[in-house]
Amino acid sequence: MNELTAMTWPEGKRCAVLVSVLFDDGMDAVATAPDLLERSKSFSVWKYGAARGVERLCRTFASSEIATSWFVPGQVAEEHAALLTDVAATGHDLESHGWAFERHDRLPAAQALELLKRSRDVLARLSGRAATGFRLPGGNWPRGFDRLLSEAGYSWSASLNGDDVPYLHPSRLIEIPVHVELEDRPYFQFNFTPAFPKGQSRIPPYNGVLNNWIAEFEAYRRFGLCYVLQLRPEWSGTPGRISIVEDLLAHICGFDDVWFATGAMIADWYRTIGVAPPPSHPLRVYDAYQREHQSHD
């Protein structure tokens, strides 16, 4: 058993809740379908976040009196400097989502390190604090990438999926696991003509999404885990869908044994009690596979 599942969180809280925002301003979509840049109608779906969604999310977070972690590519931060300065000024953390949605598994280490540092510098100028967290924008997690992140000045990541509680990489970089069922994109990313992504289902009933997120929260609370909600301004910041976020936060706030925290807060706390994952942990299994695969190349 992972030792953390049997422990309480700070101040005796039963579970941790991290509300995160992924603000890519369409860069994620263009990385998948570069021709979107030539299709203004389709691309406008992703540009909606900066126009309206960011402000709605910030108002909702202010009403719930919670601080959140925003993962932003460096180029997006430069383009929307004023908007993100306001986000940081209201108490939210700006963390790195890469520089321009690059794939680090295809970059030489020196180039990757330069981009990691550049993104961190831009975010620091806007927020007045050094970014400590990182989320992998795309591609696979390269072998030894935790050491590269540490060298670039990061102390935690929210990129991998192999657990429900934080854990330590070999470099002692802290990983805060994320899960697709707590994202808004699988439910709401849909563009009708032409279909993008191909095969995407129709938009689900909003109460179904809310019920899914509440069911997950109640299970995380029951087992004392770390619930990481992942929102995007273009999907959750619409006039109707913002009510899902409002209702979810109202439900969670109804429990006095929940620790609302930013990613940096969770990482700072875990650093004081963190233990290395056991040999059976997905991180160790993946690392062993990479070593074996590399030895056969």
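Atom set for the values below is all heavy atoms of this structure, side chains included, hydrogens, waters and symmetry mates excluded.
In terms of modelled atom types and a separation under 3.5 Å, the side chain of Thr238 and the main chain of Arg241 share a donor-acceptor contact. Of the possible polar contacts, none joining the Ser119 side chain to the Leu115 backbone as a donor-acceptor pair under 3.5 Å is found. Glu102 places a side-chain N or O within donor-acceptor distance of the main-chain N or O of Ala100, the cut-off being under 3.5 Å. In this structure a side-chain-to-backbone donor-acceptor pair under 3.5 Å is missing from Glu181 to Asn212. A donor-acceptor pair is defined here as one N or O able to donate and one able to accept, closer than 3.5 Å; such a pair exists between the side chain of Ser69 and the backbone of Gly263.
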Margin query: One pair to check against salt bridge (charged side-chain N to carboxylate O under 4.0 Å, His left out): Arg185 and Asp28. What are the steps and the verdict?
Written below: CA-CA 11 Å; Arg185 184 166 62 180; Asp28 54 331; 3.3 Å; yes
Check: Step by step, would you call Glu218 with Arg222 a salt bridge (charged side-chain N to carboxylate O under 4.0 Å, His left out)?
Finding: CA-CA 6 Å; Glu218 291 180 348; Arg222 174 188 176 191; over 6 Å; no
Next item on the list: With ring-ring contact (aromatic ring centres under 6.0 Å, His included) as the test, would you mind laying out the steps for Phe145 and Tyr154 before giving the verdict?
Entry: CA-CA 11 Å; Phe145 191 56; Tyr154 298 93; 9.0 Å; no
Next item on the list: Given side-chain contact (heavy atoms from CB on, under 4.5 Å), test Val87 with Cys58 step by step and report yes or no.
Entry: CA-CA 7 Å; Val87 169; Cys58 285; 3.9 Å; yes
Next item on the list: Report the C-alpha distance between Phe23 and His80 in whole Å, list the side-chain angles of each, state the deciding distance to 0.1 Å, and finish with yes or no for ring-ring contact (aromatic ring centres under 6.0 Å, His included).
Entry: CA-CA 10 Å; Phe23 179 38; His80 295 288; 5.6 Å; yes
Check: Given Leu168 and Glu175, is the side-chain contact (heavy atoms from CB on, under 4.5 Å) satisfied, shown in steps?
Finding: CA-CA 6 Å; Leu168 292 174; Glu175 187 69 38; over 6 Å; no
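A salt bridge links Asp268 with Arg271; the closest basic N to acidic carboxylate O contact falls under 4.0 Å. Ion pairing between Arg232 and Glu183 holds under the 4.0 Å rule for side-chain N and carboxylate O. Residues Arg129 and Glu95 are paired through a salt bridge, judged by an N-O separation under 4.0 Å between the basic side chain and the carboxylate. The pair Arg147-Glu151 does not count as a salt bridge, with every side-chain nitrogen at least 4.0 angstrom from each carboxylate oxygen. A salt bridge does not link Asp257 with Lys13: none of the charged nitrogens is closer than 4.0 Å to a carboxylate oxygen. Between Asp121 and Arg125, no side-chain nitrogen of the basic residue sits less than 4.0 Å from a carboxylate oxygen of the acidic one, so the salt-bridge criterion is not met.
Counting heavy atoms from C-beta outward, Ser236 and Ile244 have side chains that stay 4.5 Å or more apart. Residues Trp70 and Val54 have side chains in contact (heavy-atom distance under 4.5 Å, counting atoms from C-beta outward). Proximity of Glu216 to His179: side-chain heavy atoms (C-beta onward) are nowhere separated by under 4.5 Å. Contact annotation: the side chain of Ser96 never approaches that of Arg120 to less than 4.5 Å [non-hydrogen atoms, C-beta and beyond]. Considering only heavy atoms from C-beta on, Leu231 stays 4.5 Å or farther from Ser20 through its side chain. Residues Phe260 and Cys253 are in side-chain contact: their nearest non-hydrogen atoms beyond the backbone lie under 4.5 Å apart. At a threshold of 4.5 Å between non-hydrogen side-chain atoms, the residues Leu225 and Cys15 do not count as touching. Contact annotation: the side chain of Trp269 approaches that of Trp9 to within less than 4.5 Å [non-hydrogen atoms, C-beta and beyond].
For Arg59, the CZ atom sits in a packed shell: over 12 heavy atoms of surrounding residues, nucleotides or ligands are nearer than 6.0 Å. With a 6.0 Å radius and a threshold of 12 heavy atoms from other residues, nucleotides or ligands, Arg52 has its CZ atom at or below the threshold.
Figure legend: cation-pi geometry between Arg14 and Phe255 absent, as NZ or CZ is not positioned both under 6.0 Å from the six-membered ring centre and within 45° of its axis.
The hydrophobic cluster containing Trp235 does not contain Tyr48, counting ILVMFWY residues as joined when their side-chain heavy atoms lie under 4.5 angstrom apart, directly or transitively. Hydrophobic cluster membership is shared by Trp156 and Ile273, with clusters built from Ile, Leu, Val, Met, Phe, Trp and Tyr side chains linked at under 4.5 angstrom.
Expressed to the nearest 0.5 Å, how far CG of Asp146 lies from OG of Ser159 amounts to 11.0 Å. Note that the CG atom of Leu149 and the CH2 atom of Trp141 stand 5.0 Å from one another [nearest 0.5 Å]. Rounding to the nearest 0.5 angstrom, the gap separating the OG1 atom in Thr68 from the CG atom in Leu229 is 10.5 Å.
The aromatic rings of Trp213 and Tyr187 sit perpendicular to each other, their planes meeting at more than 60°, with 30° as the lower class boundary. Under the 30°/60° scheme for interplanar angles, the aromatic rings of His169 and Tyr167 are found to be tilted.
The nearest pair of heavy atoms linking Phe43 to Asp25 is CZ-O, 4.3 Å.
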